[in-house]
Amino acid sequence: MDRLSIILTLLAAFVLMGGSVITVLVIGLYTWQSVLGAALARLLLAWPAAYLMSRPIKRKTPHWRLQSSKPGAPNANRTDYQETQAANR
(Lines give C-alpha, C1' and ligand atoms only; values in the text may rest on other atoms or scores of the structure.)
Protein backbone atom coordinates (compact mmCIF):
# COMPACT_ATOMS: atom_id res chain seq x y z
CA MET A 1 0.00 0.00 0.00
CA ASP A 2 1.51 3.30 -1.02
CA ARG A 3 0.61 6.95 -0.57
CA LEU A 4 -1.37 7.18 -3.81
CA SER A 5 -3.53 4.23 -2.76
CA ILE A 6 -4.20 5.81 0.63
CA ILE A 7 -5.36 9.07 -0.95
CA LEU A 8 -7.48 7.19 -3.48
CA THR A 9 -8.96 5.10 -0.65
CA LEU A 10 -10.30 8.24 0.98
CA LEU A 11 -11.77 9.50 -2.28
CA ALA A 12 -13.20 6.13 -3.29
CA ALA A 13 -14.69 5.63 0.18
CA PHE A 14 -16.62 8.89 0.01
CA VAL A 15 -17.91 8.17 -3.49
CA LEU A 16 -18.85 4.55 -2.84
CA MET A 17 -20.36 5.21 0.59
CA GLY A 18 -22.38 8.15 -0.69
CA GLY A 19 -23.75 6.15 -3.58
CA SER A 20 -24.67 3.18 -1.42
CA VAL A 21 -26.34 5.31 1.27
CA ILE A 22 -28.38 7.14 -1.38
CA THR A 23 -29.38 3.79 -2.91
CA VAL A 24 -30.47 2.42 0.47
CA LEU A 25 -32.53 5.53 1.15
CA VAL A 26 -34.15 5.44 -2.30
CA ILE A 27 -35.12 1.80 -1.77
CA GLY A 28 -36.94 2.87 1.39
CA LEU A 29 -34.72 1.48 4.13
CA TYR A 30 -34.62 4.35 6.62
CA THR A 31 -33.19 2.55 9.64
CA TRP A 32 -29.76 3.44 10.91
CA GLN A 33 -28.69 -0.20 10.67
CA SER A 34 -29.28 -0.34 6.93
CA VAL A 35 -27.53 2.98 6.33
CA LEU A 36 -24.59 1.97 8.50
CA GLY A 37 -24.41 -1.47 6.86
CA ALA A 38 -24.34 0.03 3.38
CA ALA A 39 -21.67 2.54 4.38
CA LEU A 40 -19.45 -0.08 6.04
CA ALA A 41 -19.78 -2.50 3.13
CA ARG A 42 -18.62 0.16 0.68
CA LEU A 43 -15.87 1.32 3.01
CA LEU A 44 -14.43 -2.19 2.92
CA LEU A 45 -14.62 -2.20 -0.88
CA ALA A 46 -12.90 1.19 -1.16
CA TRP A 47 -9.47 -0.16 -0.27
CA PRO A 48 -9.22 -2.73 -3.11
CA ALA A 49 -10.85 -0.27 -5.51
CA ALA A 50 -8.21 2.34 -4.70
CA TYR A 51 -5.44 -0.21 -5.16
CA LEU A 52 -6.83 -1.16 -8.56
CA MET A 53 -7.01 2.52 -9.54
CA SER A 54 -3.47 3.32 -8.42
CA ARG A 55 -1.78 0.55 -10.42
CA PRO A 56 -2.56 1.93 -13.91
CA ILE A 57 -1.77 5.46 -12.78
CA LYS A 58 1.69 4.37 -11.66
CA ARG A 59 2.25 2.32 -14.79
CA LYS A 60 1.43 5.25 -17.08
CA THR A 61 3.58 7.76 -15.20
CA PRO A 62 6.90 7.91 -17.09
CA HIS A 63 9.13 8.86 -14.14
CA TRP A 64 7.57 6.63 -11.49
CA ARG A 65 10.12 4.66 -9.53
CA LEU A 66 9.21 2.97 -6.28
CA GLN A 67 12.16 2.45 -3.98
CA SER A 68 11.83 -0.53 -1.70
CA SER A 69 14.29 0.56 0.98
CA LYS A 70 16.05 3.51 2.54
CA PRO A 71 18.59 5.47 0.48
CA GLY A 72 22.06 4.04 0.80
CA ALA A 73 20.86 0.55 1.66
CA PRO A 74 22.36 -2.38 -0.30
CA ASN A 75 19.15 -2.94 -2.27
CA ALA A 76 18.20 0.73 -2.69
CA ASN A 77 17.84 0.41 -6.47
CA ARG A 78 15.45 -2.54 -6.33
CA THR A 79 11.85 -1.73 -7.24
CA ASP A 80 8.82 -3.37 -5.67
CA TYR A 81 6.62 -3.77 -8.72
CA GLN A 82 7.56 -5.78 -11.76
CA GLU A 83 5.80 -3.46 -14.18
CA THR A 84 8.01 -0.55 -13.13
CA GLN A 85 11.31 -2.40 -13.48
CA ALA A 86 11.44 -2.21 -17.29
CA ALA A 87 10.71 1.53 -17.32
CA ASN A 88 13.41 2.33 -14.75
CA ARG A 89 16.35 0.62 -16.48
Side-chain angles (χ1 to χ4, degrees):
M1 191 78 170
D2 52 44
R3 288 179 287 188
L4 179 61
S5 294
I6 293 170
I7 293 170
L8 288 175
T9 299
L10 295 173
L11 296 174
F14 288 128
V15 170
L16 292 174
M17 286 184 348
S20 64
V21 168
I22 289 172
T23 303
V24 165
L25 293 175
V26 166
I27 290 173
L29 302 172
Y30 298 114
T31 62
W32 67 270
Q33 293 95 347
S34 60
V35 173
L36 182 66
L40 288 178
R42 295 304 176 187
L43 180 63
L44 292 175
L45 289 176
W47 193 327
Y51 180 74
L52 291 174
M53 286 187 284
S54 72
R55 301 296 283 189
I57 292 171
K58 287 187 253 178
R59 260 187 250 125
K60 291 179 183 177
T61 304
H63 301 293
W64 171 258
R65 184 171 185 204
L66 181 62
Q67 295 290 324
S68 61
S69 62
K70 296 178 183 177
N75 60 352
N77 292 327
R78 188 174 62 89
T79 58
D80 286 341
Y81 301 121
Q82 294 177 357
E83 64 268 11
T84 61
Q85 288 179 356
N88 291 330
R89 291 181 185 174

Measure from the side-chain N and O atoms of S20 to the backbone N and O of A38, and report whether any donor-acceptor pair falls under 3.5 Å.
yes
Point-to-point distance, once rounded to the nearest 0.5 Å, from CD1 of I6 to CH2 of W47
7.5 Å
Please list, chain by chain and in numerical order, all residues satisfying side-chain contact (heavy atoms from CB on, under 4.5 Å) with V15, sequence neighbours excluded.
none
Which distance, rounded to the nearest 0.5 Å, do you find between the CG of L16 and the CG of L44?
11.0 Å
Joint cluster assignment, Y30 & V35, ILVMFWY side-chain distance < 4.5 Å
yes
Share the residues that join I22 in a hydrophobic cluster, the rule being Ile, Leu, Val, Met, Phe, Trp or Tyr side chains under 4.5 Å apart at the heavy-atom level.
V26
How close do S5 and A50 get, heavy atom to heavy atom, and via which atoms?
O-CB, 3.5 Å
I need the L4 CG to R55 CZ distance, nearest 0.5 Å.
11.0 Å
L29: side-chain contact (heavy atoms from CB on, under 4.5 Å) partners, not counting sequence neighbours:
V24, I27, S34
Nearest 0.5 Å please: distance from the CE atom of M17 over to the CG atom of L36.
10.0 Å
